Amino acid sequence: MSEQDYQLEYFRSEGFERRICTSCGAAFWTRDPERQVCGDAPCEPYSFIGDPVFAPHTLPEMREAYLSFFERHEHTRIDRYPVAARWRDDIYLTIASIADFQPFVTSGQVPPPANPLTISQPCIRLNDLDSVGRSGRHLTLFEMMAHHAFNDATTEIYWKDRTVELCDQFLASIGGDLERVTYKEHPWVGGGNAGPSVEVLIGGLEVATLVFMSLGRQKTNEPPIELEGKLYYPMQNRIVDTGYGLERLTWASSGSPTIYDAVFPDLVSSLLSDAGLDHHLTDKNYTKILALNAKFAGLMDISGPNLFALRKKVAAAIDVPIDRLTKMITPIEQVYTIADHSRCLAYMLGDCIVPSNVREGYLARLVLRRTLRVMNDLRLDLPLADLVERQVKTIGEEQFDQSIDVIREIVERETEKYSATIERGTRIIQKVASSYKKKAEKVPLSEVITLYDSHGLPAELIREVAAEEGAVVELPDNFYSLVASMHSESQKDGGEDPMARYEPRIASLPPTRALYYEQPSEVEFEAIVIDFFDGFAVLDQTLFYPEGGGQPADTGTLLTTESMVRVEDVAKMGDVILHRVTGGVLKRGERVKGMVDEERRWSLMRHHTATHILLHAAKEVLGAHIHQAGSQNGSDSARLDIRHFKHITEEELRKIELRANQILQNNKPVYIKQEERQRAEQKYGFTLYQGGVPPGSRIRVVQVGSEIQACAGTHVRTTGEIGVIKVLGVEHIQDGIERIIFAAGRAAIEAMQQTEQLLKDAAAELRIQPENLPSTVQRFFTEWKERGKEVERLRKKLVELELAQIDYEQIGPAYVVIRELDVDPSQLAALARKLAKTNGIAFLASSSDRLHLVLASGTPRVNAGEILGDIAEAFGGKGGGNMTMAHAISPERERSADALKAGRRLITTALNG
RNA sequence: GGGCUCGUAGAUCAGGGGUAGAUCGUCGCGUUUGCAACGCGAAGGCCACGGGUUCGAAUCCCGUCGAGUCCA
């Protein structure tokens, strides 16, 4: 990008000058002839703290000022998008306002919902998590206010001059002094696009960025520009992508020490008083320190070890020892962090993210646990659910799909879960630590890694708890990256796509007409063979549904005048549909008659439509957050995976099943139509995308009753055609995902018959009626247990009785019993043990099916295992044991006397030796 | 999606080829005006389930189910 890109007519006419910053060397535009520096960090410190640069605005006032300003200037106001970016599969969270329109609007495939438009989009960025609360300006969630204009080859809405002009006018409208505003040149690259951009600075603070997205990676005829080692080409679509920081503007308008005081004035003061820190509210010194802290932090990166450098600077400036400063400032930073995180959670949970250990759910849990940890450090004894609820209410309940009750329940459950994990973990650490302390060793790194990896225990907690036990933990500074690299090593990439080699051939073929969409209820059709290779047939049109969207491919037959082939599988590659056939060959140009296996297809359609219905029923029963995490349809059963924060109970399952069948009874029609993506999104919301995000500007919308989804599958015509839905069970797939297994239509009836048969068979076995099964089984189980105990008692008695009758003999220093007993082999061991208890030896034999030998020794002179091992070998059997107890078995059951004799010899030798 | 750890008495856990244990809780008795505390005693176990190895498996191996956790 060149200097030329920033030579705007607007700048000239308004009397701007282009300057080079004397501090950083960057170019910037200003109205102030005296100005030497660009106005950005670290060239210029904050000057707005205590001296606001805008008229005072609260957060909502500032938002409204912005949106209505742009409305007055011909922009259409657009509702915010969810913070969970469900319309995209490359990011989990909405990170910028432009993310709402990527990739299809920015690429020009889909028209924008309005043009130009204005929006205030809540965005979540977790990259600077550590700086939140400390830097005075970092937030996990912020609102990016924006106005966007989408220009293409035919229409020009506006471009750079108008954008800067609007910016000027808006800043003036909220009381900004335009003399103090600078526009810093700052080429922008990101997400495969690039373009010139200016940062808008006032009072040392960047309050907006104006990006002129005009370059892309897509090759065009125009000459490319190299940026960061990659080539970018001018695009036909030129997009005005602006971003105004709502919170920053509000901060600059209040002049408060930190952004948090401006954004959460009420919450911060009430948290301070809850934490017993009220006295700080009126303390001028604290305000001064915090302002100073934010000022210095504004000039530097404070992540990781840099934080210490910040502390040092502030401590020097106010002349207090660094430890004392840390002690003073940490609790307040924690309050700020809690205020920020709880708002982030309100948006995440309100927009129906379910905490879990995967994807965006993992991020929600991360923030939630971090908040709990900080609250704990601060000794803030306050339910997090209350804080989140308060945030939801401040933002406005109507902003969210999720109900407050469910949000509260999620937070409460997560809070409980986390404290259970920490409690359990603490015990495990104590155990490990004390075992290493006994050995007088350090707790090795491998052990620490296991504790973290398998039990989720932070390294710092491990060190702390271990120290309390008096053990030392070996903990390198790069612990977490060490663990991460260990994981990445175990990664294996998947194999190559076996279909890849057909790609060039298929690319040359015309698209196959998808008859299965036009006539979903038909099963017979005629077509012409376009190509045939390696057992793959391509037709000009087909009724065979290719695998996709959780629905398996159809099977069936293709018939020509000469041959009949079986269609085993169908796949779609681009717009071409491939039939994998067996049992013959087809010729190009040949006419074929196709027949889809009707029974199977209908069963698949029933299951597929049933999936939509079941999801809808689950949403009604469980809450707005219910979202499909995957599905697989079969002809005998199907499964639906949904995101949910706890196990589905039997009762909930029954409710879902009843509700689903009610929808069947109402016999609702199934409507299917192609709609423009952006329109469909606006009309139905992002719950459209249950089975992933389909490509293209138009999407296929399937409406079953009031359940509306983007879906490429085939469906029945009315819900009544499904017949019946039977839930077969529920499984917990992983944290936050429940799998409902069900059958529809004939398969449902068969499943019920099977279950019934099971009950009947079980009842018949017990000669009772099926309804008596539970009570009878319970009775039998109880009796069975009691009998077991009775047998145990009797056996003990028997051993005692036998014991009383047995005579000892004395060999050397030991009392010895060597004899055959007519008792159950399982009793031999118990008897022998008793006999040998003190200074005794018992060598017992019992013959039933085989010869059982037991040797128990109560003296170290006789090694039971060794002796019996030798005997067993001599008598063709196997055996062994330890010093005190040994078993052996031999097939030579008649030779018990010989075995006892041999044993006597060995024992005698051992005792006398 | 990949990895790791764990399933033993009502609860928390120990044991890790050779007799299934501890603590708390429960029940009974004693002490006490009563309670708490204490003392004595008892009940309570398909050692998750199914295979395998072994003379012998709660223990080792494989699988299933369940719980937890880390990474992408």
Side-chain angles (χ1 to χ4, degrees), chain A residues 90 92 356-363 365-366 369 416-418 420-432 434-435 446-459 479-494 629-630 641 646-647 729-737 739 780-782 784-789 792-793 795-796 799 825-837 845-846 849-857 863-865 868-869 871-873 875-891 899:
Chain A
D90 53 341
Y92 297 136
S356 75
N357 53 15
V358 292
R359 302 161 62 92
E360 70 272 15
Y362 182 59
L363 301 175
R365 178 169 287 167
L366 185 85
R369 292 194 166 184
E416 261 169 48
K417 244 175 137 164
Y418 185 56
T421 295
I422 293 300
E423 214 175 286
R424 192 173 39 241
T426 306
R427 278 197 305 268
I428 296 172
I429 299 170
Q430 284 168 346
K431 202 172 87 187
V432 171
S434 71
S435 88
S446 63
E447 199 75 57
V448 181
I449 290 175
T450 306
L451 286 170
Y452 171 71
D453 228 24
S454 305
H455 303 287
L457 302 167
F479 175 74
Y480 289 102
S481 50
L482 209 74
V483 175
S485 69
M486 223 172 54
H487 281 287
S488 57
E489 272 167 31
S490 61
Q491 298 293 328
K492 282 261 155 62
D493 55 342
D641 296 349
K646 60 178 179 186
H647 297 324
V730 64
E731 285 173 21
H732 180 64
I733 292 306
Q734 59 175 206
D735 200 15
I737 298 184
R739 169 169 297 170
F780 279 21
F781 187 61
T782 313
W784 174 78
K785 278 204 286 192
E786 273 164 12
R787 277 177 205 197
K789 275 178 235 162
E792 191 62 26
R793 258 196 303 279
R795 276 182 178 164
K796 272 188 186 153
V799 169
S826 62
Q827 295 306 298
L828 279 185
L831 257 170
R833 205 182 309 277
K834 289 230 160 155
L835 289 168
K837 205 162 186 182
S846 158
D849 54 332
R850 288 177 294 179
L851 173 61
H852 291 259
L853 300 168
V854 171
L855 173 58
S857 163
N863 184 330
L868 202 59
I871 294 174
E873 209 172 312
F875 286 80
K878 289 174 176 174
N882 58 17
M883 286 286 287
T884 58
M885 188 68 190
H887 283 245
I889 283 185
S890 160

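As the structure is a computational prediction, the values presented were derived from the model and not from experiment. Labels below follow one simple rule: chain letters A, B, ... track the order of the sequence lines, proteins then strands, and each chain is numbered from 1.
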Please measure how far the [atom1] atom in [N] lies from the corresponding atom in [M], and state the result in whole Å.
{"N": "B/G16", "M": "B/C27", "atom1": "C1'", "answer": "33 Å"}
{"N": "B/A37", "M": "B/C70", "atom1": "P", "answer": "39 Å"}
{"N": "B/G68", "M": "B/G41", "atom1": "P", "answer": "40 Å"}
{"N": "B/C47", "M": "B/G39", "atom1": "P", "answer": "32 Å"}
{"N": "B/A9", "M": "B/C60", "atom1": "C1'", "answer": "25 Å"}
{"N": "B/G25", "M": "B/C65", "atom1": "C1'", "answer": "29 Å"}
{"N": "B/A58", "M": "B/C6", "atom1": "C1'", "answer": "15 Å"}
{"N": "B/U8", "M": "B/C49", "atom1": "P", "answer": "10 Å"}

Applying a 4.0 Å non-hydrogen cut-off, can you work out what [X] is touching in the nucleic acid: base, sugar-phosphate, or nothing?
{"X": "A/H852", "result": "nothing"}
{"X": "A/R369", "result": "sugar-phosphate"}
{"X": "A/T421", "result": "sugar-phosphate"}

ask   = The side chain of A/H732 lies closest to which of these nucleotides: B/G66, B/A67, B/G18?
value =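 Nearest to the side-chain atoms of A/H732, counting from C-beta on, is B/A67.
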task = Counting heavy atoms from C-beta on, name the nucleotide in B/G68, B/U19, B/C46 closest to the side chain of A/K785.
result =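 The answer is B/C46.
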Which atoms of nucleotides 5-13 of chain B (N or O only) lie under 3.5 Å from a protein N or O atom, and what are those distances?
{"unit_1": "B/U5", "atom_1": "O4'", "unit_2": "A/S454", "atom_2": "OG", "d": "3.4"}
{"unit_1": "B/U5", "atom_1": "O2'", "unit_2": "A/H455", "atom_2": "NE2", "d": "3.4"}
{"unit_1": "B/U12", "atom_1": "O3'", "unit_2": "A/R427", "atom_2": "NH2", "d": "2.7"}
{"unit_1": "B/C13", "atom_1": "OP1", "unit_2": "A/R427", "atom_2": "NE", "d": "2.9"}
{"unit_1": "B/C13", "atom_1": "OP1", "unit_2": "A/R427", "atom_2": "NH2", "d": "2.5"}

task = Using heavy atoms to find the nearest nucleotide of RNA chain B for A/V730 and A/G880 separately, return the residue whose nucleotide is more 5′.
result =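 Nearest-nucleotide comparison on RNA chain B picks A/G880.
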task = Could you pick out which residue, A/A888 or A/Y418, lies toward the 5' side of RNA chain B when each is mapped onto its nearest nucleotide?
result =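 Nearest-nucleotide comparison on RNA chain B picks A/A888.
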Expressed as a whole number of angstroms, how long is the span from [X]:[atom1] to [N]:[atom2]?
{"X": "A/D453", "N": "B/G2", "atom1": "CG", "atom2": "P", "answer": "16 Å"}
{"X": "A/E423", "N": "B/U69", "atom1": "CD", "atom2": "P", "answer": "14 Å"}
{"X": "A/D735", "N": "B/G66", "atom1": "CG", "atom2": "P", "answer": "13 Å"}
{"X": "A/N882", "N": "B/A57", "atom1": "CG", "atom2": "P", "answer": "15 Å"}
{"X": "A/Y452", "N": "B/C4", "atom1": "OH", "atom2": "C1'", "answer": "13 Å"}
{"X": "A/K646", "N": "B/A67", "atom1": "NZ", "atom2": "P", "answer": "15 Å"}
{"X": "A/M885", "N": "B/A20", "atom1": "CE", "atom2": "P", "answer": "11 Å"}
{"X": "A/I733", "N": "B/G1", "atom1": "CD1", "atom2": "P", "answer": "8 Å"}

Point-to-point distance, once rounded to the nearest 0.5 Å, from [atom1] of [X] to [atom2] of [Y]:
{"X": "A/S890", "Y": "A/K878", "atom1": "OG", "atom2": "NZ", "answer": "11.5 Å"}
{"X": "A/T450", "Y": "A/I428", "atom1": "OG1", "atom2": "CD1", "answer": "11.0 Å"}
{"X": "A/T421", "Y": "A/H455", "atom1": "OG1", "atom2": "NE2", "answer": "11.0 Å"}
{"X": "A/L855", "Y": "A/N863", "atom1": "CG", "atom2": "CG", "answer": "9.0 Å"}
{"X": "A/L853", "Y": "A/I871", "atom1": "CG", "atom2": "CD1", "answer": "7.0 Å"}
{"X": "A/E423", "Y": "A/E416", "atom1": "CD", "atom2": "CD", "answer": "11.5 Å"}

Taking a pair as Watson-Crick or G-U wobble with both distances under 3.5 Å, which nucleotide is matched to [N]?
{"N": "B/G41", "result": "B/C27"}
{"N": "B/U32", "result": "none"}
{"N": "B/G1", "result": "B/C71"}
{"N": "B/U54", "result": "none"}
{"N": "B/C65", "result": "B/G7"}

inquiry  = Please confirm whether the shortest side-chain N or O distance from A/H647 to OP1 or OP2 of B/A67 is below 4.0 Å.
reply    =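 Yes, such a contact exists.
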request  = Indicate whether OP1 or OP2 belonging to B/U54 is found under 4.0 Å from a side-chain N or O atom of A/K878.
outcome  =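 False: A/K878 side-chain N/O out of range (4.0 Å or more) of B/U54 OP1/OP2.
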Looking at [X] and [Y], what are the two nearest heavy atoms and their distance?
{"X": "A/A845", "Y": "A/L851", "answer": "CB-CD1, 4.3 Å"}
{"X": "A/V854", "Y": "A/A832", "answer": "CG1-CB, 3.6 Å"}
{"X": "A/A872", "Y": "A/G879", "answer": "CB-N, 3.8 Å"}

